[in-house]
Each structure stands twice: as C-alpha cells, then as structure tokens.
Amino acid sequence: MPVLVAFSVTPLGVGEDIGELVAEAVRVVRESGLPNHTDAMFTLVEGETWDQVFEVIKNAVDAVAVRSPRVSTVIKMDYHQYKSSAITARMDAVERYLASGHEEKSSAR
C-alpha cells in the first residue's frame with residue numbers, strides 16, 4: 001500500500017545556520033530515487049511501503065547526525081490506497097479548484 005510522508009529534520013546544538021546540514025538530509029532523499037518534493041517547512045517522500053520510506057528518513061536523519069549532536073524530526077504520514085504520484089495529484093486537484101473559481105460553502109460558523 002503506498003505511503004506518503006511529510007517530514008522535517010532540524011539539527012540542534014550547531015548554531016543558527018543549519019542550511020548546509022538540512023541540505024545533507026535533502027540530498028539523501030533526492031538520491032533515494034523516490035518521488036519527493038521539498039519546501040521551506042517539509043520534505044514529502046512517496047514510496048510503496050513503510051519500510052522503503054522510513055529507511056530514507058532514517059538515512060536523512062543519520063546524515064545530519066554525523067555533524068549535529070541532536071536532531072529533531074517531525075513526521076506526518078498518509079497510509080492510504082491511492083494511485084501513485086499523490087505528491088502531484090493532490091496539488092493538481094487544489095489548483096483545479098482554484099482555477100475554476102469554485103467556492104465551497106461551509107455550514108460551520
């Protein structure tokens with residue numbers, strides 16, 4: 001069953017300039033060959049199994065831990081039966097709604 005994971009890796013105890021260390025984590029993800037997307041807050045990774053995706057996350061954390069005494073990691077996972085390419089398909093659907101001018105009315109006040 002496909003797995004879509006959003007995660008962030010934050011090196012702690014190394015000062016404020018952490019971009020180089022975060023880049024090491026992103027490099028691991030990109031070299032994994034799994035579909036992925038990185039933005040200012042999270043990296044999304046999509047794989048066929050938990051083990052496949054969590055191995056990439058572990059390797060990303062390990063890459064940061066080589067140069068950081070402490071690593072904080074936040075993980076959010078969607079384990080669901082969906083078609084592959086969920087990373088792009090979900091945003092494509094949102095963009096279609098935005099482009100159509102479709103407004104959904106909410107009953108909550």
Side-chain angles (χ1 to χ4, degrees):
M1 187 176 304
V3 179
L4 181 62
V5 177
F7 78 102
S8 67
V9 174
T10 306
L12 302 173
V14 294
E16 291 185 32
D17 187 11
I18 61 172
E20 184 179 349
L21 294 175
V22 171
E24 289 302 315
V26 173
R27 186 182 332 277
V28 167
V29 173
R30 290 182 179 175
E31 289 175 354
S32 75
L34 295 178
N36 64 83
H37 171 80
T38 299
D39 61 31
M41 296 288 293
F42 287 94
T43 294
L44 292 169
V45 181
E46 183 176 14
E48 290 301 317
T49 67
W50 286 42
D51 291 340
Q52 183 184 41
V53 173
F54 278 88
E55 180 179 353
V56 172
I57 294 170
K58 180 190 180 305
N59 292 341
V61 171
D62 287 346
V64 174
V66 167
R67 294 179 39 205
S68 178
R70 186 173 173 196
V71 182
S72 174
T73 306
V74 174
I75 299 172
K76 180 177 181 178
M77 182 182 80
D78 185 4
Y79 184 62
H80 192 273
Q81 292 182 6
Y82 54 77
K83 296 179 182 177
S84 61
S85 301
I87 288 174
T88 55
R90 291 178 181 188
M91 283 310 303
D92 290 346
V94 170
E95 291 298 336
R96 278 194 308 276
Y97 278 109
L98 291 170
S100 73
H102 176 77
E103 292 181 25
E104 213 170 296
K105 296 180 182 174
S106 174
S107 61
R109 295 189 194 254

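Computation of the quantities below employed the complete heavy-atom set of this structure, encompassing side-chain atoms and omitting hydrogens, waters and symmetry-equivalent molecules.
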- Query: After noting the C-alpha distance and the side-chain angles of Arg30 and Asn36, does the key distance pass the side-chain contact (heavy atoms from CB on, under 4.5 Å) rule?
  - Reply: CA-CA 7 Å; Arg30 290 182 179 175; Asn36 64 83; 3.7 Å; yes

- Query: Checking side-chain contact (heavy atoms from CB on, under 4.5 Å) for the pair Thr38/Val29: CA distance, chi angles, key distance, verdict?
  - Reply: CA-CA 9 Å; Thr38 299; Val29 173; 5.7 Å; no

Please tabulate, one pair per line, all N/O donor-acceptor pairs under 3.5 Å involving side-chain atoms of residues 4-24, not counting sequence neighbours.
from, atom 1, to, atom 2, distance (Å)
Glu20, OE2, Arg67, NH1, 3.4
Glu20, OE2, Arg67, NH2, 3.4
Glu24, OE2, Arg27, NH2, 3.1

- Query: With sequence neighbours excluded, what pairs up with Lys58 under the salt bridge (charged side-chain N to carboxylate O under 4.0 Å, His left out) test?
  - Reply: Asp62

- Side-chain contact, heavy-atom cut-off 4.5 Å: Trp50 with Met77? yes

- Evaluate the criterion side-chain contact (heavy atoms from CB on, under 4.5 Å) for residue pair Asn59 and Val61; output intermediate values, then yes/no. CA-CA 5 Å; Asn59 292 341; Val61 171; over 6 Å; no

- Task: Applying side-chain contact (heavy atoms from CB on, under 4.5 Å), name anything that partners Gln52, two or more places apart in sequence or on another chain.
- Result: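 Only Leu34, Glu48, Thr49 meet the side-chain contact (heavy atoms from CB on, under 4.5 Å) criterion with Gln52.
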
- Message: Please determine whether residues Met41 and Val74 belong to a single hydrophobic cluster, defined as Ile, Leu, Val, Met, Phe, Trp and Tyr linked transitively by side-chain heavy-atom distances below 4.5 Å.
- Response: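 Hydrophobic grouping puts Met41 with Val74.
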
- Does Ile57 belong to the same Ile/Leu/Val/Met/Phe/Trp/Tyr cluster as Val71, with side-chain heavy atoms less than 4.5 Å apart forming each link? yes

- Query: Checking Ser68 side chain against Ala65 main chain: does a donor-acceptor pair fall under 3.5 Å?
  - Reply: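 No, Ser68 side chain to Ala65 backbone: no donor-acceptor pair under 3.5 Å.
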
- Val64 to Ala25 - nearest heavy-atom pair and separation: CG2-CB, 3.8 Å

